[in-house]
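A, B, ... follow the sequence lines: proteins, then strands. Residue 1 opens every chain.
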Amino acid sequence: MKKYDPIKIEEKWQKKWEENEEFKAKTSKETKSGGENIQKMYLAEMFPYPSGAGLHVGHVRNFSIVDALTRFYTQQRLNVLRPFGYDTFGLPAENYAIKTGISPEVATKQNIDNFRKQAKRLGFAIDWSREINTSDPKYYKWTQWCFLKLFEKGLAYQKESYQWWCPVDQTVLANEQVENGHCWRCGTEVEKKKMKQWFFKITEYADELLDEIDSLDWPEKIKTAQKNWIGRSEGAEIDFAVSGNETSTIKVFTTRPDTLFGATFLVLAPEHPMVARVMTENAKEKVLEYCKNAIKKSEIERQENKEKTGVFTGAYAINPATGKEIPIWVSDYVLMGYGEGAIMAVPAHDERDLEFANKFDLPVIEVIETPETNDDADAVSMSSGENIDGKKICYHGEGKLINSDRFNGVDSSDARDGIIEWLESQGIGKSRVTYKMRDWLISRQRYWGCPIPIAYDKDGNPHAIPEDQLPVIHPHVDDYAPDSTGRSALAKAKDWLKVTIDGEEMMRETDTLDGYACSSWYLWRYVSPDCDDAAWDKDEIEYWAPTDIYCGGDHAVAHLLYVRFWCKFFADLGYLPFREPIKRLLYNGYINAPDGKKMSKSKGNVIDPLDVINSGYGADTLRTYELFIGPYNEDAAWSTKAIGGVYRFLNRCYNLVFNPEKTVDEKVNIVIRNKTTKKVTEDMHRAGFNTAVAALMEFVNELYKNGANSADLVVLAKLLKPFAPHLASEMLEELKSDDEWPTWDEKALVADTVEVVVQVNGKLRAKLEVAVDDLTDTEKLTSLALSEENVKKYVSGEPKKVIIPPHAKLINIVA
RNA sequence: GCCCUGGUGGCGGAAUUGGUAUACGCGUUCGACUUAAAAUCGAAUGGAGAAAUCCAUAUGGGUUCAAGUCCCAUCCGGGGCACCA
């Protein structure tokens, strides 16, 4: 009796895989010289940030999904690329350095070594010759090159504006890194700060990023999250002349130009430059006071107080449609970053404007008739009065225009075009599209990031560091903390700061790049990680990219939007022969603690994958369990008990091969064997890992019942390999078989006789054992069914109708 | 508020085109092996009922020979966005 010893088996195979460089992908050149046209398959997980805590069970789930598919396609003899790397720049390493004095380089290296060791202990089929690390100069040289390309094309630019600022991390943040008004890293409430910062002009690609989403094989929730984030709105920009000040106009953006006649006042954002120009002497003090407070207030504070606030500037604008004077107000419910930072308020048809009008007693003019048959129960015509609570509610749907001069009676949707046309003819407006998405803020006042390859001349103008001087090496300093001026610790590297470009002495940029910049192109670096004359090799990228399957459980809008943006940019420059970087995205769920709560050190409910392995279960059990736990794309709670069931299953697999009790005739398991092959193959294609494992369990249960022969066991081992590769390899070695993925015989999927259920009026009344050949014999089936005792009870006389669906083994008698 | 998801036994979940609801695993119970325990093997396991049978996929309607699956309305959970004009 041999005993399943996962620890020993796994050690043996991992050593073998390492020695043979088993998972090395063939380069494009190698496949070409071989003369064969092998189909490629490029899979990757979102590369990890190597924290000091080592791998957690979430990583294991993510990597196991990719690994199962990697092995599945390898067993189908595709040329498979499955690389691995580390996203190493970032705050945790820097904060750790500030706390302990250990340099980020040293800590990062230790963490990488640990991650690599642990990933190898899990037996992942990784091409280790392609490892990358974003803080390695060989890598970030090309991150800097990417930046320079964007700079060259005007898509990396500097702008002075109000930005999110995290007072704890002492750095600005991108919009995507502010979650509900708090810093995504440390959770501190963010502030607004006026600063000159670097941006990537992602808005340039807003339309394409939006339009191509639908063509992607990505989960719906990610696609809609990106659509909402981009937030395209079509409307018009309209110039309002300032009364008594003929040279000044205020531009507003509206999605409802059809309501122009109902615009009874304008509202400017507190940051709007026109505020200072239009306010009257009398109002000046109050207006400036209001703006100062509003700008200082955090977004959270602004939102907490939903009550509208605002102040009158004392100035008036002319409504171009009516020619009437309307007051200009300032309020923080208008956002500077969107549209023009100014709106025309139509209180009759916009709830926010109505609230404001009610509070400050401003006029309300209804310009869209509320239809009689109004589905929206809340919407009550202004003229008819009030809703149930006695509160005025405005109608914001479509309808016929009223109080709109020559547009009266026109449908609002037609009026939109008509009014835009009229505005254009007057030269005071035009149709316009805006986006919620803002440009991507990429400078960070932090030390442990990729240096921005820019230097400033003595007038403060930015200059690109020439390409032949890349990489701009990340300098070493002794003190990592940012200084009080808000500059990163790079400013402390005095010698490094000075640089000569074209004979002119300049000072280097001390901001570093957002870590998301480093991860925006790594999928292309993997195809030629050692390439030193380009970011990626042209032939290799053509062969391998785009990535066929990408798997991760985070970054729905940020990273996954940035990668698409860079892809389109480099495609436009001719560096990439495709415009979407990721064909298929698998978005995996989290693994929570047994109590269903998020695992966290502070709660003490963290499951360490290495502990699970070392407790005797081994990596195969852990990996199979994490794929069996539920659908890969849903969250799951860890169960200390259920993992035992998976171990028992693998143990049974082992015993079938190494401690066989009886062997049987070739034919006994032929149906279940083919059925399982088909089921597992199809499940792999649709990422149904949990049901694939369940099918294998059924197969094993059947083999225990019937006995197994070597053909059964070879198929079992091959199908098992994506989940439990070490054990499966051991089994295949014992069975003297290769691991090529098995095929199934469609004809062998049915037994000689099958069970047919008999329903009467849709209710199950009997079961028949019918020869397969008789399945198409409608008359025979009907008479067999009608002769059943239990069926006779429910059918008196001739049945009204007999239904035998073509694919179901079922007969339904309508009595 | 808007958008996306989901709601099935004691628990995690399965049901791919409308066609036997509850596969597989956990837990529980019983049995075998053992001096005993663990491990292992076998059996049972949605609810009610002696049984025939009836009732069960969040709730209420509808379509259909047939609905977890399709349609309408409602309730609840998870996620994203959120004063975006």
Problem - Between B:C24 and B:U5 - P atom distance, rounded Å - result: 31 Å
Handout entry: Quiz item: A:N228 side-chain donor-acceptor pair to B:C81 base, under 3.5 Å
Key = no
Exercise for the section: Decide yes or no, distance alone: a donor-acceptor N/O pair under 3.5 angstrom between the base of B:C83 and the side-chain of A:K308. Expected result: yes
Problem - Whole-Å C1' distance, B:G18 and B:G62 - result: 15 Å
Protein-nucleic acid N or O pairs under 3.5 Å, nucleotides 40-48 of chain B:
from	atom 1	to	atom 2	distance (Å)
B:C41	OP1	A:R652	NH1	2.8

Problem - Rounded distance in Å between the C1' positions of B:A23 and B:U45 - result: 15 Å
Exercise for the section: For salt bridge (Lys or Arg N to Asp or Glu O under 4.0 Å), just list the numbers for A:D207 and A:R232, CA-CA rounded to whole Å, side-chain angles, deciding distance to a tenth of an Å, and then say yes or no. Expected result: CA-CA 8 Å; A:D207 269 323; A:R232 182 186 154 103; 2.2 Å; yes
Completion exercise
Of B:U53, B:A85, B:A82, the nucleotide closest to the side chain of A:L335 is B:A85
Exercise for the section: Verify whether the ring centers belonging to A:F265 and A:F360 lie closer than 6.0 Å. Expected result: no
Practice task
Please work out if A:E755 contacts a base, only the sugar-phosphate, or nothing of the nucleic acid, heavy-atom cut-off 4.0 Å.
Solution key: base
Problem - Per-nucleotide pairing state of RNA chain B [Watson-Crick or G-U, under 3.5 Å; [ ] pseudoknot-crossing; | other strand] - result: (((((((..(((......[....)))((((((.......))))))(((....)))..(((((..]....))))))))))))....
Practice task
Report yes or no: does A:T224 contribute a side-chain atom to a donor-acceptor pair with the main-chain N or O of A:K221 at less than 3.5 Å?
Solution key: yes
Exercise for the section: Taking the six-membered ring of A:Y654 (Phe, Tyr or Trp), confirm whether the NZ or CZ of A:K2 is under 6.0 Å from its centre and within 45° of its axis. Expected result: no
Practice task
State which of B:A85, B:G25, B:G19 makes the closest approach to the side chain of A:Q759.
Solution key: B:G19
Practice task
Could you check whether A:K436 gets within reach of a base, just the sugar-phosphate, or nothing at all, counting any heavy atom under 4.0 Å?
Solution key: base
Exercise for the section: Tell me what A:K767 touches on the nucleic acid: a base, only sugar-phosphate, or nothing, going by heavy atoms under 4.0 Å. Expected result: base
Completion exercise
Here the gap from A:L727 atom CG to A:F649 atom CZ, rounded to the nearest 0.5 Å, amounts to 8.5 Å
Exercise for the section: Report which part of the nucleic acid A:D353 touches: base, sugar-phosphate, or nothing (heavy-atom distance under 4.0 Å, all strands). Expected result: nothing
Practice task
Take the protein atom CG of A:L696 and the nucleotide atom P of B:G25, then report the distance between them rounded to whole Å.
Solution key: 12 Å
Exercise for the section: Could you give the distance separating B:C4 and B:U74 at their P atoms, to the nearest angstrom? Expected result: 15 Å
Problem - Minimum-distance nucleotide (side-chain atoms of A:K793 versus B:U5, B:C65, B:U53) - result: B:U53
Exercise for the section: With C1' as the reference atom in both, quote the distance from B:C70 to B:G19 in angstrom, rounded to an integer. Expected result: 14 Å
Completion exercise
Taking B:U53, B:C4, B:A85 as options, the one with an atom nearest any side-chain atom of A:N790 is B:U53
Exercise for the section: Identify whether any heavy atom of A:P631 sits under 4.0 Å from a base atom; if not, whether one sits that close to sugar-phosphate; answer base, sugar-phosphate or nothing. Expected result: sugar-phosphate
Handout entry: Salt-bridge contact A:K678-A:E746 (side-chain N to carboxylate O under 4.0 Å)
Key = yes
Problem - Distance, C1' atom - from B:U69 to B:A32, rounded to whole angstrom - result: 43 Å
Exercise for the section: Specify the separation, in whole Å, of atom CZ of A:R438 and atom C1' of B:A82. Expected result: 12 Å
Practice task
May I ask you to say what A:V757 touches in the nucleic acid, namely base, sugar-phosphate or nothing, with a heavy-atom cut-off under 4.0 Å?
Solution key: base
Problem - Rounded distance (Å) that lies between atom P of B:G78 and atom NZ of A:K598 - result: 12 Å
Exercise for the section: Tell me what A:I629 touches on the nucleic acid: a base, only sugar-phosphate, or nothing, going by heavy atoms under 4.0 Å. Expected result: sugar-phosphate
Exercise for the section: Report which part of the nucleic acid A:A642 touches: base, sugar-phosphate, or nothing (heavy-atom distance under 4.0 Å, all strands). Expected result: sugar-phosphate
Fill in the blank from the handout: A:F240 and A:N319 have their tightest heavy-atom pair at CE2-CA, 3.9 Å
Practice task
Report which part of the nucleic acid A:T434 touches: base, sugar-phosphate, or nothing (heavy-atom distance under 4.0 Å, all strands).
Solution key: nothing
